[in-house]
Asks: 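Structure below; questions to follow.
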Amino acid sequence: RDILLDEVKYEDPLIGKKGGIEINPLYTLIYDEEFSFSGSISFFPKGQNIEIAIPMALKQMEYNDNQARFRVDLLYRYFLGKHRKGRYIMWGLRHATFKDYDYDYWDDDYQIIDEYSRIGISFGVGSRTFSKSGIYWGWSFYAGKYLTGTDDDGPSGFMNFEFLKFGMTF
């Protein structure tokens, strides 16, 4: 009685899990001039091959124009295989806030001359590896374009490359 299986039984490490929280320690190491943090909250809808992620980042880099101080994305990640693991494609929305500075020679200091927000769309790829213990890690690359504001308000596009982002499911 030799039975050939077309598929090896897959044990989903996300059974009973609703979401996850992850951090990107590399982000804090790269932007070490002032406080910086990058993390995500993810939701894993039951019975679907998707992840809904809300990554956010905060940088307190004073006097550096054209870099978002705070950004939050809403990403829809669709896994390409039969299960929610491995490679995915994604699309999403971004909200980012910016500050522009100018040097004030009288006060010998930088002054904020403008604060503004921009909203954009993004597309990208990535990968996830989940363990049965609840720990997971992943990488992603996505790029996008701001739909609001003008080019005078800073860059018209953005890119994110996240590597070694670690998380824990709950």
Side-chain angles (χ1 to χ4, degrees), residues 10-62 64-99 116-149 154-170:
Y10 174 70
E11 292 184 29
D12 188 357
L14 295 175
I15 288 179
K17 308 291 185 177
K18 294 181 177 159
I21 296 176
E22 62 186 339
I23 61 168
N24 185 351
L26 212 53
Y27 188 88
T28 301
L29 295 173
I30 291 171
Y31 298 107
D32 63 351
E33 295 175 20
E34 302 259 345
F35 176 77
S36 61
F37 176 79
S38 174
S40 296
I41 298 171
S42 294
F43 300 97
F44 309 113
K46 186 177 179 179
Q48 297 182 39
N49 216 19
I50 65 168
E51 171 186 356
I52 297 170
I54 305 171
M56 54 198 98
L58 173 66
K59 280 190 279 191
Q60 290 183 334
M61 296 174 62
E62 302 300 323
N64 193 347
D65 291 341
N66 297 328
Q67 288 196 26
R69 299 295 184 251
F70 176 75
R71 64 173 169 77
V72 60
D73 295 306
L74 177 61
L75 301 174
Y76 182 93
R77 296 174 172 160
Y78 179 78
F79 288 86
L80 297 175
K82 186 174 181 180
H83 304 287
R84 199 169 21 200
K85 67 175 186 174
R87 291 183 298 272
Y88 58 80
I89 56 174
M90 66 178 159
W91 50 93
L93 300 171
R94 169 174 283 195
H95 178 267
T97 60
F98 298 84
K99 291 182 183 177
Y116 54 93
S117 296
R118 296 188 82 175
I119 296 173
I121 58 172
S122 62
F123 301 93
V125 296
S127 181
R128 281 268 192 260
T129 301
F130 295 97
S131 72
K132 291 181 183 178
S133 68
I135 296 172
Y136 64 98
W137 82 273
W139 65 268
S140 67
F141 173 78
Y142 57 102
K145 179 170 181 58
Y146 289 113
L147 302 175
T148 62
S156 61
F158 57 89
M159 288 191 314
N160 256 35
F161 179 66
E162 298 172 328
F163 186 68
L164 296 177
K165 203 166 184 186
F166 296 95
M168 180 64 128
T169 59
F170 57 85

Asks: Where the side chain of N160 meets the backbone of F141, is there a donor-acceptor pair that is under 3.5 Å apart?
Replies: no
Asks: E162 versus Y27: any side-chain heavy-atom pair under 4.5 Å?
Replies: no
Asks: Is the backbone N or O of D73 less than 3.5 Å from a side-chain atom of R94, with the two atoms forming a donor-acceptor pair by type?
Replies: no
Asks: Just so I know, are the side chains of R128 and E22 near enough to count as touching, which here means a heavy-atom distance under 4.5 Å?
Replies: yes
Asks: With rounding to the nearest 0.5 angstrom, report the OG1 to CZ distance, T97 to R118.
Replies: 12.5 Å
Asks: Looking at side-chain heavy atoms only, is the closest gap between S117 and T148 below 4.5 Å?
Replies: no
Asks: Rounded to the nearest 0.5 Å, how far does CG of L74 lie from CG of L93?
Replies: 6.0 Å
Asks: Does CZ belonging to F170 count more than 12 external heavy atoms closer than 6.0 Å?
Replies: yes
Asks: Would you mind reporting whether F43 and I54 have side-chain heavy atoms less than 4.5 Å apart?
Replies: yes
Asks: When you measure from the side chain of T169 to the backbone N and O of G134, does any donor-acceptor pair fall under 3.5 Å?
Replies: yes
Asks: Taking atom CZ of F166 and atom CD1 of I23, what is their separation to the nearest 0.5 Å?
Replies: 9.0 Å
Asks: So how far is it from S133 OG to M168 CE, rounded to the nearest 0.5 Å?
Replies: 6.0 Å
Asks: Could you check whether the rings of Y88 and F79 sit parallel, tilted or perpendicular, using 30° and 60° as the cut-offs?
Replies: perpendicular
Asks: Could you pull out the closest heavy-atom pair between G157 and Y146, with the gap in Å?
Replies: O-CE1, 4.0 Å
Asks: Using a cut-off of 6.0 Å, state whether more than 12 heavy atoms not belonging to M56 lie near its atom CE.
Replies: yes
Asks: As a test of understanding, state which of Y116, F158, F70 forms a ring-ring contact (aromatic ring centres under 6.0 Å, His included) with F98.
Replies: Y116
Asks: Examine distances only and state if a side-chain atom of R84 and a backbone atom of P45 form a donor-acceptor pair shorter than 3.5 Å.
Replies: yes
Asks: Test F44 against every option in L14, D12, I50, I52 by the side chain to side chain contact (heavy atoms under 4.5 Å, CB included) rule and name the one that passes.
Replies: L14
Asks: Could you state the interatomic distance from OG (S40) to CD (E51), rounded to the nearest 0.5 Å?
Replies: 8.0 Å
Asks: W139 and F163: ring pair (Phe, Tyr, Trp, His ring centres under 6.0 Å), yes or no, with the steps?
Replies: CA-CA 5 Å; W139 65 268; F163 186 68; 8.0 Å; no
Asks: Looking at CZ of F37 and CG of N24, how far apart are the two atoms once the value is rounded to the nearest 0.5 Å?
Replies: 9.0 Å
Asks: Would you check if S42 and Y136 make a side-chain contact, meaning some heavy-atom pair closer than 4.5 Å?
Replies: yes
Asks: Is there a side-chain contact between I89 and L80 in this structure, where contact means two heavy atoms from C-beta onward sitting under 4.5 Å apart?
Replies: yes
Asks: Assess the pair W91 and F123: is the distance between their ring centroids shorter than 6.0 Å?
Replies: no
Asks: Between L75 and P55, which heavy-atom pair has the shortest distance, and what is it?
Replies: CD1-CG, 3.6 Å
